[in-house]
**Q** 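Got a structure for you, written out below as structure tokens; questions coming shortly.
Protein chains get the first letters and strands the later ones, always in sequence-line order, with residue 1 at the start of each. This is a predicted model, so every value here is computed, not measured.
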2 protein chains.
Amino acid sequence: MLFRVDPASSVPLGDQIAACVRGALADGSAEPGERLPAARELADSLGVNVHTVLRGYQRLREEGLIELRRGRGAVIVPGVAAPDRARLVSRLREAAAEARELGLTEAEFLELARTSLG
Amino acid sequence: MLFRVDPASSVPLGDQIAACVRGALADGSAEPGERLPAARELADSLGVNVHTVLRGYQRLREEGLIELRRGRGAVIVPGVAAPDRARLVSRLREAAAEARELGLTEAEFLELARTSLG
DNA sequence: CCCTTGTTTGCACTCTACTAGAACAATGAG
DNA sequence: CTCATTGTTCTAGTAGAGTGCAAACAAGGG
């Protein structure tokens, strides 16, 4: 599982960390039952504060993706359903189809997609 | 066209206002050529600052949904495809939100969008 | 017991969204 | 032309979220 973080991004660091786990789970590079790196360790490795990592972990717990226990660490809930990347792809396909119907050029469509990211 | 806004929500007021117009356009309760309420007027009506309304309008302009001119106000782009375009924008925003949850970078998202065009 | 690891608390800093007030510049109506 | 309307721009202040830093606390495991 790869953790990547961009301090310059507008999306909060904690959310980015949570997104890494979600993404890894979605593309198979992480599996249910797997243990996440300890908060302090990951924080050090990313050059980020412990609170920030913990906040990402908390969010994942709220989503039911991981379990947190003192002394044991963070573990991906065994048997949890992975968030699907397939749905994102299918949504993009629908959008692309509509764009084609509207006669948008590729450049216009991509520009629209870019602004959609906020 | 109905404007509803929730100050307690985590999504910015300006974005909420923009979403109102997008939705109204998509579901037919607003039509191309129609004029949006004046910024100061809408701001008063919603109990919100003028700048906040204007920010929402600006975003709609970036998306190509409305035109803004001094003295004339905000007008929904009088193209026949405006409602469809509004729906396309909404779908792209949903897709963008999912991409963010999965930790995709802007480049990865745009690449995915590009390949979706076939 | 000791070490690891999550949990909680308190303070300070920065950035964004929002509010507030004012002045400016097109536009259209009279 | 005159003038009210309306978007545009500017400055400045406020509140909250995100983050960093530091410390103390509690549960689990060797």
**Q** What residues, two or more places apart in sequence or in another chain, satisfy side-chain hydrogen bond (donor to acceptor under 3.5 Å, both in side chains) together with B/Ser45?
**A**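 So B/Ser45 forms no side-chain hydrogen bond (donor to acceptor under 3.5 Å, both in side chains) with any residue.
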**Q** Sorted by first residue and then second, give each side-chain hydrogen bond (donor to acceptor under 3.5 Å, both in side chains) pair with at least one member in residues 25-39 of chain A; sequence neighbours left out.
**A** A/Asp27-A/Ser29
**Q** Could you work out, with side-chain hydrogen bond (donor to acceptor under 3.5 Å, both in side chains) as the rule, every residue matching B/Arg93, not counting sequence neighbours?
**A**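 Not a single residue meets the side-chain hydrogen bond (donor to acceptor under 3.5 Å, both in side chains) criterion with B/Arg93.
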**Q** Show which side-chain atoms of residues 52-60 of chain B pair as donor or acceptor with protein atoms under 3.5 Å away, not counting sequence neighbours.
**A**
from: B/Tyr57; atom 1: OH; to: B/Pro37; atom 2: O; distance (Å): 2.8
from: B/Gln58; atom 1: OE1; to: B/Arg61; atom 2: NH2; distance (Å): 2.5
from: B/Arg59; atom 1: NH1; to: B/Asp15; atom 2: OD1; distance (Å): 2.8
from: B/Arg59; atom 1: NH1; to: B/Asp15; atom 2: OD2; distance (Å): 3.1

**Q** Expressed in angstrom and rounded to an integer, what is the separation of B/Asp44 atom CG from C/dA20 atom P?
**A**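 Taking CG of B/Asp44 and P of C/dA20, I get 11 Å after rounding.
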**Q** Using the C1' atoms of five pairs at each end, what's the angle between the two axes of the helix from C/dC1-D/dG30 to C/dG30-D/dC1, to 10 degrees?
**A** 30°
**Q** Which residues satisfy the salt bridge (Lys or Arg N to Asp or Glu O under 4.0 Å) test with A/Glu111, sequence neighbours excluded?
**A** A/Arg114
**Q** Please write out which residues are connected to B/Leu104 in a hydrophobic cluster, directly or through intermediates, given that two of Ile, Leu, Val, Met, Phe, Trp, Tyr count as joined at side-chain heavy-atom separations below 4.5 angstrom.
**A** A/Leu88, A/Val89, A/Leu92, A/Leu102, A/Leu104, A/Phe109, A/Leu110, A/Leu112, A/Leu117, B/Leu88, B/Val89, B/Leu92, B/Leu102, B/Phe109, B/Leu110, B/Leu112, B/Leu117
**Q** The criterion is salt bridge (Lys or Arg N to Asp or Glu O under 4.0 Å); which residues satisfy it with A/Glu101, sequence neighbours excluded?
**A**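 Not a single residue meets the salt bridge (Lys or Arg N to Asp or Glu O under 4.0 Å) criterion with A/Glu101.
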**Q** Sugar-phosphate atoms are those with a prime plus P, OP1 and OP2; base atoms are the rest. Using that split, label each nucleotide of nucleotides 3-11 of chain C B, S or - for protein heavy atoms under 4.0 Å, 5' to 3'.
**A** -BBBSBBB-
**Q** Which residues within residues 100-107 of chain B lie with some heavy atom under 4.0 Å of an atom in DNA chain C?
**A**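 Of all residues in residues 100-107 of chain B, none places a heavy atom under 4.0 Å from DNA chain C.
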**Q** Would you list the atom pairs, donor with acceptor, under 3.5 Å between side chains in residues 70-86 of chain B and any protein atom, with sequence neighbours excluded?
**A**
from: B/Asp84; atom 1: OD1; to: B/Arg87; atom 2: NH2; distance (Å): 3.1
from: B/Arg85; atom 1: NE; to: B/Glu63; atom 2: O; distance (Å): 3.2
from: B/Arg85; atom 1: NH2; to: B/Glu63; atom 2: O; distance (Å): 3.4

**Q** Rounded to the Å, how far apart are B/Arg55 CZ and C/dA20 C1'?
**A**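 Result: 13 Å.
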**Q** Nearest 0.5 Å, what's the CD1-CZ distance between A/Ile17 and A/Arg4?
**A**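 Going from the CD1 atom of A/Ile17 to the CZ atom of A/Arg4 covers 13.0 Å.
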**Q** Could you tell me the boundaries of the chain B footprint on DNA chain D, defined by atoms under 4.0 Å from its heavy atoms?
**A** D/dT5 to D/dC10
